[in-house]
Amino acid sequence: MAENLPMIHRSSFLLPPTTLTGQVPATYALIILNQRLPRFSPLLWDHAKVRLCADGGANRLFDDMPELCGGEHGGSGVRKRYKPDVIKGDMDSIRPDVLNYYRDLGTKIVDNSDDQDTTDLHKCIAYILDFFSDERKSNLCILVAGALGGRFDHEMGNINTLCRFSTTRIVLLSDDCLIQLLPSNRHHEISIISSVEGPHCGLIPIGIPCGSSTTTGLQWNLDNTEMRFGGLVSTSNIVKGETVTVRSDSDLLWTISLKKNSHEDERQTP
Ligand SMILES: Nc1ncnc2c1ncn2[C@@H]1O[C@H](COP(=O)(O)OP(=O)(O)OP(=O)(O)O)[C@@H](O)[C@H]1O
Ligand SMILES: Cc1ncc(C[n+]2csc(CCO)c2C)c(N)n1
């Protein structure tokens, strides 16, 4: 039964697509939020089969991508190359010039201004789940750029989205770290790509206390350990091996630091 097999996690989306020979690739979708674009956003873009901007995320794509691409083809060349498939949200943050620019390029605009009860990130995830067939959904991984840092209510809203869509693989990313949910109905094998991530990491129960968690591959492993807010949560832990394993009786957040300059290193080491 699938539940008995480990769920494998590997941050391959942080490596250039050309280096991923011999692996069955995930089907990636990218959502850009309204926060400064992480430096590796062009890489995430190249991995993605569908790219969405959540409302004001379109401003960030428009403003930040030319600079991130080193002004290679001038701002307008970069903007045309990085055309989102969809802009979706309640449209109270996107600038009119940005909306008109991408609409004229052919981006689909979905105005959900009538829905003031779910976040723009939630709306984008719902769109992606409708977009892919059941077969492709089984291999789907949604990358969310700009999900951390800045407003704490937004950060918590983004983490809540992981919990609302707990059966979908979603990775929240910032320049500094990534966060994903490890559902308790599976055990987990996290393959560490040490050129781009680690060593700092954390395992955090969310919503409810966690009665028992057991890990391998960390400096401070959990051994049938209870975690709860107000008691122990595993922060400032360190990855020790190539693989971290996690078993737990409640869902946990897994977070790992991302290395600065990792892509320069990657380019130097073929
Ligand atoms: N400072 C931030 N930190 C983390 N995520 C953010 C931040 N700002 C925006 N986001 C994310 O980007 C999405 C789109 O942002 P946008 O500013 O368009 O949202 P919004 O609904 O207009 O926000 P609000 O009306 O609360 O200011 C949000 O749904 C949220 O997921
Ligand atoms: C209890 C409660 N708190 C806050 C909001 C506000 N809100 C939550 S999501 C959203 C859309 C943001 O694009 C807005 C305005 C609400 N509806 N209900």
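When a ligand or atom number is given, it counts from 1 through the structure's own listing order. Values in this document were obtained by computation on a predicted structure and should not be read as measured data.
Summary of contacts: the protein heavy atom closest to atom 19 (O) of ligand 1 is D120 OD2, 3.2 Å. Given atom 30 (C) of ligand 1, the protein heavy atom at minimum distance is H154 ND1, 3.5 Å. Among all protein heavy atoms, the one lying closest to atom 15 (O) of ligand 1 is N34 CB, 3.2 Å. Shortest contact from atom 5 (C) of ligand 2 to any protein heavy atom: Q116 O, 4.2 Å. At the top of the distance list for atom 3 (N) of ligand 1, counting protein heavy atoms only, stands G149 O, 2.8 Å.
The shortest N or O to N or O distance between G56 and ligand 1 is under 3.5 Å. Taking distance alone, with nitrogen or oxygen atoms compared against 3.5 Å, E155 stays at or beyond that limit from ligand 1. Looking at L33 next to ligand 1, no N or O pair under 3.5 Å apart turns up.
Interatomic distance, CG of L218 versus OG of S234, reported as 6.5 Å (0.5 Å rounding). Taking CG of N158 as the start and CG of L172 as the end, the distance is 6.0 Å to the nearest 0.5 Å. Taken to the nearest 0.5 Å, the CZ atom of R164 stands 14.0 Å off from the CG atom of L181.
Heavy-atom distances between G57 and ligand 1 stay at or above 4.0 Å for every pair. Distances shorter than 4.0 angstrom do not occur between any heavy atom of G89 and any atom of ligand 1.
A distance below 6.0 Å separates the ring centres of H47 and Y28.
Distance remark: protein heavy atom not present below 4.0 angstrom from atom 2 (C) of ligand 2. Distance remark: protein heavy atom present below 4.0 angstrom from atom 7 (N) of ligand 2.
Within ligand 1, the atoms closer than 4.0 Å to a non-hydrogen atom of L121 are 29 (O), 31 (O), numbered from 1 in the order shown. Using a 4.0 Å cut-off to heavy atoms of D55, the atoms of ligand 1 that qualify are 18 (O), 22 (O). Residue D90 has at least one heavy-atom neighbour below 4.0 Å for each of these atoms of ligand 2: 11 (C), 12 (C), 13 (O). Heavy-atom contacts of A54 reach the following atoms of ligand 1: 14 (C) (cutoff under 4.0 Å). Shown in contact with D120 at under 4.0 Å from a heavy atom are these atoms of ligand 2, numbered in order with element: 13 (O). Heavy-atom proximity to G150, at under 4.0 Å, picks out these atoms of ligand 1: 1 (N).
Partner of L173 under the side chain to side chain contact (heavy atoms under 4.5 Å, CB included) criterion, out of L148, V144, L44: L44 alone.
The two residues L105 and R79 make their nearest non-hydrogen contact at CD1-O, 4.2 Å.
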Query raised in the report: Yes or no on salt bridge (charged side-chain N to carboxylate O under 4.0 Å, His left out) for R81 and D46, after CA distance, side-chain angles and deciding distance?
Result: CA-CA 11 Å; R81 162 154 163 37; D46 288 344; 3.2 Å; yes
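Under 4.0 Å is where a charged nitrogen must lie from a carboxylate oxygen, and between D130 and K123 no such pair does.
By the 4.5 Å heavy-atom criterion applied to side chains, T27 and K137 are not counted as neighbours. Counting only heavy atoms from C-beta outward, the side chains of I32 and P84 never approach each other to under 4.5 Å. Two residues are said to be in side-chain contact when any heavy atoms from C-beta on lie closer than 4.5 Å; W254 and H9 fail this criterion.
In R151, the parts holding a heavy atom less than 4.0 Å from any atom of ligand 1 are both the side chain and the backbone. Residue contacts with ligand 1, taken as heavy atom pairs separated by less than 4.0 Å, involve N158 solely via side-chain atoms from C-beta onward. Residue contacts with ligand 1 for D92 involve side-chain atoms from C-beta outward but no N, CA, C or O (heavy atoms, distance under 4.0 Å). Using a 4.0 Å cut-off between heavy atoms, D92 makes no contact with ligand 2 at all.
Residue E226 places its CD atom among more than 12 non-hydrogen atoms of other residues, nucleotides or ligands, all under 6.0 Å distant. Other residues, nucleotides and ligands contribute over 12 non-hydrogen atoms within 6.0 Å of the CD atom of Q116.
Pairs engaging residues 106-116 under the salt bridge (Lys or Arg N to Asp or Glu O under 4.0 Å) rule: none recorded [sequence neighbours left out].
In this comparison of N112, T118, D117, L121, the heavy atom closest to atom 18 (N) of ligand 2 sits on D117. The option from A147, S93, S174, G157 that lies nearest to atom 4 (C) of ligand 1, judged by heavy atoms, is A147.
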